[in-house]
2 protein chains.
Amino acid sequence: METDLIRRCIDAGLKMTDQRRIVLKVIDDADDHPSVDTVHQRARTVDGTISIATVYRTLNVLDELNLVRRHEFNDKLSRFETNLDQHHHVIDVDGGDVHEFQDSRLETLIESIASELGYELVDHKLELYGRRKSS
Amino acid sequence: METDLIRRCIDAGLKMTDQRRIVLKVIDDADDHPSVDTVHQRARTVDGTISIATVYRTLNVLDELNLVRRHEFNDKLSRFETNLDQHHHVIDVDGGDVHEFQDSRLETLIESIASELGYELVDHKLELYGRRKSS
DNA sequence: ATAGGTGCAAATTCTTTGCTATTAA
DNA sequence: TTAATAGCAAAGAATTTGCACCTAT
């Protein structure tokens, strides 16, 4: 098994240890925005000996390589996501649920705003805080 | 002196102590995005005995009252801003400078996207990460 | 063979909190 | 007068790191 994420790590010159492979799989499989602790717990179900330090180190490396994005939504925990194309979020201010979405109008607008301001866009984060409409 | 921020705090039922007044002034005067520690240092230049605990407590109250917004840009420090109308930021990925901007097209689009998704917008944050164009 | 990675525990860093004394309202 | 707030120091929580051992390349 050679996921895209694994390949990118190898290309970046990282050693592919068992622990790293497990953390990468957890991250790759996640369709939510897990905290470090959650990633650790999930990794433990595969290998009970994997340490939280390794999880921290791995996530930090992935962050540096821009293979994951780090967020802090309502709480103060670091939360991670791999799906780098859909970085728009609606956070429910009541429940705290995080819902992802994608919108091309937004992409286009953001791109041109950055350009107008004299910047070449590298990445971006948009977080909408809202309340479910009852209607 | 009765700044708007002070007025809002009083209206919210907070006691206006000397320390609080100083922290509010620091926040109000800031045109950057100071960390808790920076706010503390600035407050100290006015009153050398003000404690960091008080700064934390004051900023937390302001955050709860939505009189400041809490950010975490490139570093992992909480950073604060009072200017709640201009919550769009470009972060220079090289220098780390944070530049604020305002864009009505964006406001409008975000508002309608939230609505389309079934949310009533309460607040939002947009962070663009970019690199200065040399051209 | 060896540069890089791991686990563990200790150390750091940031933030909160219990307590007693103080003070704005 | 009294409920809220301050300062201090201790406690907590999240994250990083030094070190001795291990392993992918």
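Chain naming here is simple, since letters A, B, ... match the order of the sequence lines and numbering starts at 1 in each. All values below were derived from every heavy atom in this structure, side-chain atoms included, with hydrogens, water molecules and symmetry-related copies excluded.
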Looking only at the side chain of B/Tyr56 (C-beta and beyond, no hydrogens), which of the listed nucleotides C/dT16, C/dT23, D/dT16 gets closest?
C/dT16
Aromatic ring proximity, centroids under 6.0 angstrom, A/Phe73 and A/His89:
yes
The nucleotide from C/dG7, D/dG7, C/dA25 with an atom nearest the side chain of B/Ile50 is D/dG7
Is it true that A/Phe80 and A/His33 have ring centroids separated by less than 6.0 Å?
no
Do NZ/NE/NH1/NH2 and the carboxylate oxygens of B/Glu127 and A/Arg69 come within less than 4.0 Å?
no
Send over the distance from A/Ile6 CD1 to D/dA24 P, rounded to a whole Å.
14 Å
Does CD belonging to B/Glu120 count more than 12 external heavy atoms closer than 6.0 Å?
no
5′-ward residue of the pair B/Thr58/B/Lys15 relative to DNA chain D:
B/Lys15
Taking the six-membered ring of A/Tyr119 as reference, does the NZ or CZ atom of B/Arg132 fall below 6.0 Å from its centre and within a 45° cone about the axis?
yes
How many Å lie between CG on B/Leu65 and P on D/dA4, as a whole number?
14 Å
Under 4.0 Å: is that the gap between some side-chain N or O of B/Ser78 and OP1 or OP2 of C/dT15?
yes
Which whole-number value in Å describes the distance from A/Leu14 CG to C/dG5 C1'?
10 Å
Among D/dA6, C/dG7, C/dT6, the nucleotide that comes nearest once only the side chain of B/Arg20 is considered:
D/dA6
When you measure from the side-chain N and O atoms of B/Gln19 to the phosphate of C/dT22, is any distance below 4.0 Å, counting only OP1 and OP2?
no
Round to a whole Å and report the spacing from CD of B/Glu64 to P of D/dA4.
14 Å
To the nearest Å, give me how far apart CZ (B/Arg70) and P (C/dC14) are.
14 Å
Base, sugar-phosphate, or nothing: which does A/Ile52 touch, judged by heavy atoms less than 4.0 Å apart?
nothing
Ignoring the backbone of B/Thr54, work out which of D/dA14, D/dG7, D/dA24 is nearest its side chain.
D/dG7
Phosphate OP1/OP2 of C/dG4: any A/Thr17 side-chain N/O under 4.0 Å
no
Just the rounded figure in Å: distance from C1' of D/dA14 to CZ of A/Arg79.
13 Å
Once you round it to whole Å, what is the distance between P of C/dT6 and CG of A/Asp18?
10 Å
Let me spell it out: for each of A/Arg57 and B/Glu72, pick the nucleotide of DNA chain C with the closest heavy atom. Which residue's pick is nearer the 5' end?
A/Arg57
B/Asn60 near the nucleic acid: base, sugar-phosphate alone, or nothing, with a heavy-atom cut-off under 4.0 Å?
sugar-phosphate
Tell me which of B/Ala53 and B/Ile10 sits closer to the 5' end of DNA chain C, going by the nucleotide each one is nearest to.
B/Ala53
Grab the NE2-C1' distance between A/His40 and D/dA13 for me, whole Å please.
16 Å
